[in-house]
Amino acid sequence: MPVAGDGGQVPQGVEGMDELDLLLGVVFVIAAGLGVGVDDDDSAVAVDDDGVPGGGVGGDVVEADDGGDAQGLGHDGGVAGPPAGVHGQPADVRAVHGRGLGRRQVVGQDDHVVGQVGKPLRPLADEVPQQPPLDVEHVAHAVGEVGRQRLDLPGVGPQDALDGVLGRHVLLADGGLELLLKFLVLQQADVEIEEQSSTLNDIIFKGADGSDLLIATSRPELIPACVALYVHPDDERYQRLVGKTAVVPLFNYAVPIKTSPYVDISFGTGLMMVCTWGDNDDVQKWKEDHLDTRVVFDEHGRLNELAGQFAGLNMKDGRKAILAALKEIGQLIKSAPLQHNVGVHERCGHTVEFKQSPQWFIKVLGHKDEYLARGAELAWFPPHMKVRFDDWVGGLKWDWCISRQRYYGVPFPVWYCAACNEPFIAPREILPVDPTQTPPPAGGKCAKCGGETFVGEPDVMDTWMTSSLTPLINSRWAFGDPLHDKIYPMDIRVQAFEIIRTWLFYTVAKSHHHTNTLPWRHVMISGWGLDEKGKKMSKRLGNFVDPMDVINKYSADALRYWSAGATLGNDLRYSERDVSDGKRLMTKLWNAIRFVTTYLIDEQGERLALRPGEPTVVDRWIRSRFAQTVKYATQCLDQYEYSLALKSVERFFFAEFCDNYLEIVKDRFWNPARFTPGHIDAARHTLFAIGYGIIKLFAPFIPYLTEDIYQRVFKPYGGPVSVHVDAWPEADENAIDARAEDLGKLLVAILTGARRWKTEQAVHQGHPLAELLVTCPPKLQAELEPVLEDLRAAARSDKIGFADGGTVPTEVEGVMLAMVLGEKKPKA
RNA sequence: GGGCGGAUAGUUCAGUUGGUCAGAACGCCGGUCUUACACACCGGAGGUCGCCGGUUCGAACCCGGCUCCGCCUACCA
């Protein structure tokens, strides 16, 4: 018997499955199903994978990620390939993208770990967790493309001139970040808005004529940075002041008084102070009206000499001191509590401040309409997620700053001429290169001044700068590989919703500029895995589930079963119960197949299971039900609703195949004399075919066990090397048989009546009946005739017939039963 | 402030174009060790489908309003 096993237990160690495989399985399933949102995630699990297609390319090309994002600490490990399969065969990715096509798939990989590993890259700080190495080619590749890309992309220039100013702010952390992220450049996507309590202070400026001008500000520490006062153009109170100047208190210098329609007449006094950069609005006015620049903070967030006597104080103390000084001279009128919105860093929560510094940018603001058009081209699953993309693109206010000042990451392959600062870009042949460690190629000269001394660019790239290249990397675009044309645009990106504004957006933008196409045709947006209480899993909060614990207790397949329970776009709570349900399903599957194999015994070299025999109504019923299940599950997967697909397969397997079909056909093998050889053959053939089909349907969801079963049971009949390269079943339209389904349903309904009666008699369901009599109208008798023998068998009755006087009700109107218990048979 | 999503049995969730759609699983109660499986099988109980209106012959489903939860987004100094 191919399936060993005793006591109905699934074998503990599935052959060939080691811990890594298990790990891959988990990572993959999480990637497939959900973005498990461990926030601040330096994901503990990082696996690499080559995602290069082996055999026939042309299947769906899938890109996936674990949904986490992080500025830096190696967020993911990209995806991995799905479980390598029991015998190291190409992994199956059907759970992600829908149906297996019997071909090897391409799984896109996110390369964030690139920034942390590999020789050519910046060495890691000791405290940064080490990740497994990526293969060198990918590293080189990522860097190589970046080198090209700055040349290819519109608007990307070295040391971009000041017109890129909106994006040109370094956002300086408000203290406390010295360790790893000293001066961290942020981008719009890195900043979150947080409501904070503060005070709104009414402060007197002096007009040129000596009159009092009352302004309201929540940032008094920026008074020395004040470069203008603004009023609304229609505000009659201040008409006389427009075009004049005002004197900044304590610091005694004059600033112009200007107008802007954005000033709210009713807020505070209607007079607004504009500083060297308290917020976006300040930056905007500074840029539009060419205001003076008065930077009062240094890189450490301390007031500088422009703040006079307050120099050296940090922001908090500076604010206090300045308020106190204003009060002393009678120019602080009042301080009222204020709730307002403050930009903070999305990871550490520190408030952010603007600072001017040279950075690398990609200008995206001029391309909003193009990005929106790309978003509209893309098929969104679920559709409503598109709104997030549109809203984000529409709301973009900064260009994309791609340089970061960090200790690790992918370096810009650029040197600057020591004499004139002209950039010198590394030729492709020497990539990857860390310009801080390696000098430019011998003989390199500055194109501008002929200088021969160069300084390496110390900045590294924004995480998204490289991760947005994943489809290009995986299609080997930069190498001119013909593979690119074959698989690009890819079929699908799989990711969670919180990185639509980053990973998805930047990938679309990159693809648009580099290739003038979408990177993929479909995007499937998942939710998050939540903890058992429905909260996002977080390392900080400690409310996460360690996959290895779950795997050790229940197996990787069981964990995967849980994650496959997420409906498209929705979050999924972790539930140990659901994992154990997965385990239960596995056990059931194992046992059901064990039963099936019991009767597949071949004789004299003949594959008995392949003999079609003469199917009865019941055989046709289950085949029809199977075909319907395949049809429905396929539809679900085509819409990326994998959980609905799994549920339907599971329901079919439990409620129809196991609970009814298996129970009904047992008798053909136990009492062969009562059946024709054709009917017995049909049962065997159906068990084989449907059993195999079930294994295939479950394969994307329960990859290890199904593969194990496949190797033992079905492969010997001539299947491919792995169930995971086998084709997803096609719904056999010819098998769909409405009449057989009706009769099957009728049979089961009556059978339930008989089962209920046995339960009431407190005997087990296998207890034989001496006789089963069915009472029903003559018309229904004719209906029932074709399934009568199967009904008899399922009820374990010796005899069956029609008679009046039945008293046991059934679920069918007008059908009653009468039964006589038989003798309990001795155990065979 | 704006937008999106969610609210259905004790619990977690399905409910496709409005008419056997009021479902599944788990849990609970009761029965059964039966030649695949007691990690099982059989049977049973459980819900005004968040609240209020409206459209309709008919609404969990469509429309309006409201409440609560989650997420995204936002220059009111």
Side-chain angles (χ1 to χ4, degrees), chain A residues 3 5 7-10 192-193 198 200-201 215-219 222 230 260 262-264 266-275 278-285 338 340-341 343 382 384-388 390-392 394-395 397 497-498 500-501 527-528 530 532 534-536 565-567 569-575 577-578 580-581 583-599 632 635-636 639 641 643-644 647-648 650-651 654-655 658-659 662-663 666 669-670 751-752 754-768 796 824-825 827-828:
Chain A
V3 177
Q9 297 302 299
V10 176
E192 288 185 350
I193 304 296
S198 181
L200 185 62
N201 306 285
I215 65 106
T217 182
S218 61
R219 301 291 308 276
L222 288 178
Y230 275 77
S260 163
Y262 289 105
V263 177
D264 183 344
S266 62
F267 186 91
T269 60
L271 253 179
M272 183 171 89
M273 171 177 86
V274 169
C275 308
D279 57 21
N280 271 316
D281 204 14
D282 285 350
V283 176
Q284 192 70 38
K285 290 190 172 60
L338 173 73
H340 66 157
N341 299 318
H384 67 80
M385 290 293 179
K386 177 173 179 290
V387 174
R388 297 186 184 223
D390 292 345
D391 286 352
W392 179 255
K397 291 189 173 59
F497 52 73
E498 90 285 12
I500 288 174
R501 64 181 188 169
W528 280 335
L530 306 178
E532 300 215 53
K535 292 287 173 197
K536 181 184 176 184
T567 47
N570 293 318
D571 295 341
L572 179 67
R573 285 192 195 198
Y574 178 71
S575 160
R577 183 73 65 185
D578 289 342
S580 81
D581 284 352
K583 178 83 179 181
R584 170 172 159 269
L585 171 61
M586 293 167 67
T587 306
K588 186 79 175 175
L589 187 59
W590 179 261
N591 286 312
I593 295 299
R594 206 159 69 99
F595 172 81
V596 167
T597 59
T598 305
Y599 303 106
Y632 180 74
Q635 281 169 8
C636 292
Q639 297 299 310
E641 281 285 10
S643 74
L644 301 184
K647 281 217 166 76
S648 71
E650 190 180 0
R651 276 298 82 212
F654 263 89
C658 291
D659 292 349
L662 290 189
E663 291 305 323
K666 276 174 179 175
F669 301 106
W670 294 352
L751 183 56
T752 298
R755 284 169 169 166
R756 187 185 294 125
W757 185 76
K758 282 188 181 177
T759 295
E760 283 165 6
Q761 301 304 307
V763 299
H764 60 75
Q765 295 300 316
H767 195 106
R796 309 280 180 267
K824 192 174 172 182
K825 289 178 182 168
K827 232 180 166 178

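Note that these values count all heavy atoms, side chains included, but never hydrogens, waters or copies made by symmetry.
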For [X], which contact category applies under a 4.0 Å heavy-atom criterion: base, sugar-phosphate, or nothing?
{"X": "Ser575(A)", "value": "nothing"}
{"X": "Glu663(A)", "value": "base"}
{"X": "Val263(A)", "value": "base"}
{"X": "Asp581(A)", "value": "sugar-phosphate"}
{"X": "Lys758(A)", "value": "nothing"}
{"X": "Arg651(A)", "value": "sugar-phosphate"}
{"X": "Leu644(A)", "value": "sugar-phosphate"}
{"X": "Tyr599(A)", "value": "sugar-phosphate"}
{"X": "Ala592(A)", "value": "base"}
{"X": "Thr567(A)", "value": "sugar-phosphate"}
{"X": "Cys275(A)", "value": "nothing"}
{"X": "Ser643(A)", "value": "nothing"}

Stacking here means centres under 5.5 Å and planes under 30°; does His764(A) stack on rU34(B)?
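Yes, His764(A) stacks on the base of rU34(B), since the ring centres sit under 5.5 Å apart and the planes are within 30°.
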
Is there aromatic stacking of Trp670(A) on rU35(B) here, judged by a ring-centre distance under 5.5 Å and a plane angle under 30°?
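One would call Trp670(A) stacked on the rU35(B) base.
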
Just the rounded figure in Å: distance from [atom2] of [N] to [atom1] of [X].
{"X": "Asp264(A)", "N": "rG1(B)", "atom1": "CG", "atom2": "C1'", "value": "13 Å"}
{"X": "Arg573(A)", "N": "rG6(B)", "atom1": "CZ", "atom2": "P", "value": "16 Å"}
{"X": "Phe654(A)", "N": "rG23(B)", "atom1": "CZ", "atom2": "P", "value": "21 Å"}

Pairs under 3.5 Å (N/O, protein and nucleotides 68-70 of chain B):
none

Does Arg756(A) place a side-chain N or O at less than 4.0 Å from the phosphate oxygens OP1/OP2 of rG44(B)?
yes

rU73(B) phosphate, OP1 or OP2, under 4.0 Å from Arg501(A) side-chain N/O
yes

Pairing residues for His764(A) by the ring pair (Phe, Tyr, Trp, His ring centres under 6.0 Å) criterion, not counting sequence neighbours:
His767(A)

Counting Watson-Crick and G-U wobble pairs with both distances under 3.5 Å, what is the dot-bracket string for RNA chain B, 5' to 3', using [ ] for crossing pairs and | for pairs to another strand?
(((((((..((((.....[...)))).(((((.......))))).....(((((..]....))))))))))))....

Do the non-hydrogen side-chain atoms of Arg219(A) and Cys275(A) ever get within less than 4.5 Å of each other?
no

Tell me, please, whether Phe595(A) has Lys666(A) positioned over its six-membered ring: NZ or CZ under 6.0 Å from the ring centre and within 45 degrees of its axis?
yes

Under the 3.5 Å rule, do the base of rC37(B) and the side chain of Lys588(A) count as making a donor-acceptor pair?
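Present.
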
Does the pair Asp390(A)/Lys386(A) count as a salt bridge with the N-to-O cut at 4.0 Å?
yes

Mind telling me whether Tyr599(A) and Phe669(A) have parallel, tilted or perpendicular rings, with 30° and 60° as the class edges?
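Ring orientation of Phe669(A) relative to Tyr599(A): parallel.
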
